[in-house]
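Working notes for the structure below.
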There are 2 protein chains.
Amino acid sequence: MAKVNQQLIADKLNICRTTVSRCFSNHPKINPETRAKVLELAAQLGYRYTAQRAPRNPEKQTAREIGVLIGVRPDMTELPATSQYMLKGISERAAAQNLALDVRYIDPAELDEMLQSTSRTPKGLRAGNGTWKGAILIFPFTTETIVNLSRRVSTVSIAEDYSQGGIDCIDVDHHAGIYDMVSHLADLGHKRIGFLSWRYSVESPWMYRRFGAYVDSLYRLGIDFDPELALNVRKGEDLSVEQLADTVAQQIENGVTAWVSAADHQAYRLIADLQKKGISVPRDCSITGFDGIEPPLGMPRLTSIKVPFDEMGVSSVIRLLERMKNPAGHRRHNLVEGRIVIGETTQSL
Amino acid sequence: MAKVNQQLIADKLNICRTTVSRCFSNHPKINPETRAKVLELAAQLGYRYTAQRAPRNPEKQTAREIGVLIGVRPDMTELPATSQYMLKGISERAAAQNLALDVRYIDPAELDEMLQSTSRTPKGLRAGNGTWKGAILIFPFTTETIVNLSRRVSTVSIAEDYSQGGIDCIDVDHHAGIYDMVSHLADLGHKRIGFLSWRYSVESPWMYRRFGAYVDSLYRLGIDFDPELALNVRKGEDLSVEQLADTVAQQIENGVTAWVSAADHQAYRLIADLQKKGISVPRDCSITGFDGIEPPLGMPRLTSIKVPFDEMGVSSVIRLLERMKNPAGHRRHNLVEGRIVIGETTQSL
DNA sequence: ATAAAAAATGCACAAAGATGCACAAAAAGC
DNA sequence: GCTTTTTGTGCATCTTTGTGCATTTTTTAT
């Protein structure tokens with residue numbers, strides 16, 4: 001078999017090897033489609049790109065700039081506080097690596113429009129000196145946007161798992177966190193432990209990841225998994241927030257003593273709803289959350305997993321730089337473990 | 001037997017001794033693949049490199065050194081081939097970062113003993129110039145070993161998830177891989193899809209991870225999960241390999257048309273066992289694996305996930321350096337996505 | 001519609017990577 | 001001490017990759 005190098009890729013695609021080289025070295029003037037083709041073939045052939053080290057003209061080293069895109073829909077009145085923590089980590093690492101940042105709060109729909117344009121660098125995304133060398137995404141965008149953007153520049157997402165988009169993702173370690181929650185409950189003597197989530201208009205991969213981890217944890221701890229205790233996970237099952245509380249209350253009657261909620265805000269709402277029905281947490285049942293947000297006024301602190309957003313920010317920059325070095329490499333999921341916070345919503349049986 | 005020196009290694013690999021020398025002396029212009037081969041063979045032959053005392057250029061900074069510990073029990077007759085791919089990635093990145101490597105094949109029990117010693121740096125682990133600045137672990141060690149080692153130096157593990165040990169782990173993305181397998185089967189029209197694994201004397205977190213991902217994938221694709229179709233996952237369930245094949249055959253009778261196996265070697269064995277019972281794959285049922293190993297002689301290639309060991313090696317060095325910079329940071333799980341390989345063991349219903 | 005600007009790609013050459021040869025320096029043996 | 005063995009390094013050679021500049025194609029402006 002022929003040696004896998006740029007020449008081979010060029011021959012197979014009937015283009016000049018120079019073009020192939022430029023696809024890897026983040027040259028600004030490469031057709032996104034060509035780039036996509038080259039990177040895909042490279043991945044297939046198992047070509048491993050290693051950048052040549054010393055740059056030809058050391059003084060020409062212009063400051064590299066990366067874009068940080070924070071998706072904010074116009075109807076959102078207040079910005080989620082989490083983005084601040086991520087930005088802190090991002091800017092800390094960017095400074096250390098001598099990277100300039102271009103932070104933009106942007107409506108996902110607007111970004112999508114910009115990227116529809118066939119030209120390589122949409123005006124709106126053009127930075128002062130030139131083009132971005134990479135992009136970090138915070139909060140959800142559409143898969144289409146992701147694909148269009150990642151063909152142009154190396155892209156990394158924080159906290160959103162674009163399973164279809166094929167980009168690197170920095171996320172909290174859902175699996176480890178849920179395992180901590182389930183084994184905390186098991187340690188407290190709970191045997192009938194349910195899982196619940198809300199339904200959102202868009203698919204939420206994190207919910208499935210957490211659910212999968214819940215099942216895994218039960219089996220690992222030797223507790224049987226009862227599909228009846230997984231609420232709002234099955235496709236087509238679409239309980240409203242109120243129905244969810246009803247079902248939970250009913251299952252508590254049936255002997256369920258603990259619930260793993262897919263997210264803190266869902267859990268706080270549930271606790272309030274159960275309280276209205278005369279069910280007290282943690283007296284009548286224990287509840288755990290995930291995310292570690294501050295409790296709403298007057299609510300007890302949830303037993304939860306605190307997500308280290310700043311470390312995730314740091315990791316996103318590290319990963320982005322690696323992605324830029326090797327654009328055709330395998331996709332990554334870099335997971336940061338959250339810390340368990342024992343609150344007032346779980347108690348021993 | 002001939003004396004173990006660089007010449008011997010060079011002869012065995014059919015390369016110039018100079019090249020071998022450069023592999024050890026941290027020369028920057030050495031092909032990572034060559035270096036990996038040399039380091040691996042050297043470790044196997046028991047060649048211990050000791051840098052010549054007075055370096056020619058005294059101003060030349062001494063490289064930091066990290067240890068690569070490959071766990072090999074004495075009863076293992078042949079070394080798993082995968083370690084070489086990991087070493088390739090490790091050496092590539094180590095060279096770029098000016099890190100020297102000390103590769104050792106070691107019996108986990110022996111390492112455990114060394115680490116029992118109260119002194120900070122066990123003699124056996126002392127490198128030529130000084131102590132390791134970090135360690136990369138390949139293949140399983142005991143949790144105790146991990147804890148002892150990670151107290152001394154920053155430690156990263158490849159492919160083994162020490163949930164209790166608290167160290168960073170580089171692994172294949174079990175979740176993404178299993179989702180690829182399940183949705184591949186779903187695309188082919190399969191609705192009754194089982195999951196199976198072998199039981200090992202030690203807990204295998206990867207098996208649970210893959211199982212959790214299987215359940216998650218079913219739910220995400222709108223297929224009901226039937227606990228009866230998860231073989232050898234429940235605690236206490238301990239089917240032998242033969243019993244497993246029996247149960248599978250029986251479930252195929254009951255209308256199961258596809259099986260997700262937790263690992264390739266298990267799947268190949270299953271296919272052989274089923275054949276003896278007159279059940280043909282993929283005619284009577286489809287089977288998928290995980291790992292992407294080469295099919296045993298005369299077997300059809302499995303539909304599987306090919307694990308990119310070299311990229312995992314690269315990632316391990318990156319992570320180790322970050323860990324060294326920030327020993328107190330949150331624990332990470334860095335997952336590299338494998339590539340789906342469509343083989344001859346799955347077909348449309 | 002037409003000119004101007006920008007993007008995309010190829011060509012030729014320069015620079016870095018990879019490795020062998022010859023020789024020098026260090027270590028080991030006596 | 002001297003000789004033999006082992007290891008490190010400069011130099012030469014071939015391979016692979018990056019970049020300036022020219023040319024062609026596409027987009028934008030008038």
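Chain letters run A, B, ... following the sequence lines, proteins first and then strands; every chain starts at 1. Given the structure is predicted, the values throughout are model-derived calculations rather than measurements.
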Quickly work out the [X] [atom1] to [N] [atom2] distance and round it to whole Å.
X: A:Ile30; N: D:dG18; atom1: CD1; atom2: P; value: 12 Å
X: B:Asn5; N: D:dG8; atom1: CG; atom2: P; value: 12 Å
X: A:Lys29; N: C:dA7; atom1: NZ; atom2: C1'; value: 7 Å
X: B:Glu33; N: D:dT16; atom1: CD; atom2: P; value: 13 Å
X: A:Lys3; N: D:dC14; atom1: NZ; atom2: C1'; value: 10 Å
X: B:Asn31; N: D:dT15; atom1: CG; atom2: C1'; value: 11 Å

Contact under 4.0 Å: [X] side-chain N or O vs [N] OP1/OP2:
X: B:Gln7; N: D:dT7; value: no
X: B:Gln6; N: D:dT5; value: no
X: B:Tyr47; N: D:dT7; value: yes

Inset, instruction - May I ask you to test the A:Arg319-A:Ser315 pair for a side-chain heavy-atom distance under 4.5 Å? - result: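 SC-SC contact between A:Arg319 and A:Ser315 ruled out.
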Inset, instruction - Look at the side chain of A:Thr34 and decide which nucleotide, out of C:dT9, C:dT19, D:dT7, has an atom nearest to it. - result: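 Closest nucleotide to the A:Thr34 side chain: C:dT9.
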Legend entry - Minimum-distance nucleotide (side-chain atoms of A:Tyr49 versus C:dA18, D:dG18, C:dT19):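 Nucleotide nearest to A:Tyr49's side chain: D:dG18.
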Inset, instruction - Can you run down the ring-ring contact (aromatic ring centres under 6.0 Å, His included) pairs that involve residues 29-48 of chain A, sequence neighbours left out, and say none if there aren't any? - result: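 For residues 29-48 of chain A, and leaving out neighbouring residues, the ring-ring contact (aromatic ring centres under 6.0 Å, His included) pairs sorted by first residue read A:Phe24-A:Tyr47.
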Legend entry - Residues which pass side chain to side chain contact (heavy atoms under 4.5 Å, CB included) with B:Ser304, listed by chain and number, not counting sequence neighbours: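 Counting only residues at least two positions away or on another chain, B:Ser304 forms a side chain to side chain contact (heavy atoms under 4.5 Å, CB included) with B:Asp264, B:Leu302.
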Legend entry - Side-chain donor-acceptor contact under 3.5 Å, B:His333 with B:Asp171: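 Checked: B:His333/B:Asp171 side chains show no N/O donor-acceptor pair below 3.5 Å.
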Legend entry - No-hydrogen, no-angle side-chain donor-acceptor test under 3.5 Å, A:Tyr49 and A:Gln6: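 A:Gln6 and A:Tyr49 do not have a side-chain donor-acceptor pair below 3.5 Å.
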Legend entry - Flag, side chain of B:Ser91 to backbone of B:Pro32, donor-acceptor distance under 3.5 Å: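 Yes, B:Ser91 side chain to B:Pro32 backbone: donor-acceptor pair under 3.5 Å.
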Inset, instruction - Using a strict 4.0 Å threshold on nitrogen-to-oxygen distance, state whether B:Lys325 and B:Glu322 make a salt bridge. - result: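 Salt bridge between B:Lys325 and B:Glu322, a charged N being under 4.0 Å from a carboxylate O: yes.
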Inset, instruction - Residues of residues 14-26 of chain A with any non-hydrogen atom less than 4.0 angstrom from an atom of DNA chain D: list those, numerically ordered, please. - result: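 Residues of residues 14-26 of chain A under 4.0 Å from DNA chain D: A:Arg17, A:Thr18, A:Ser21, A:Arg22.
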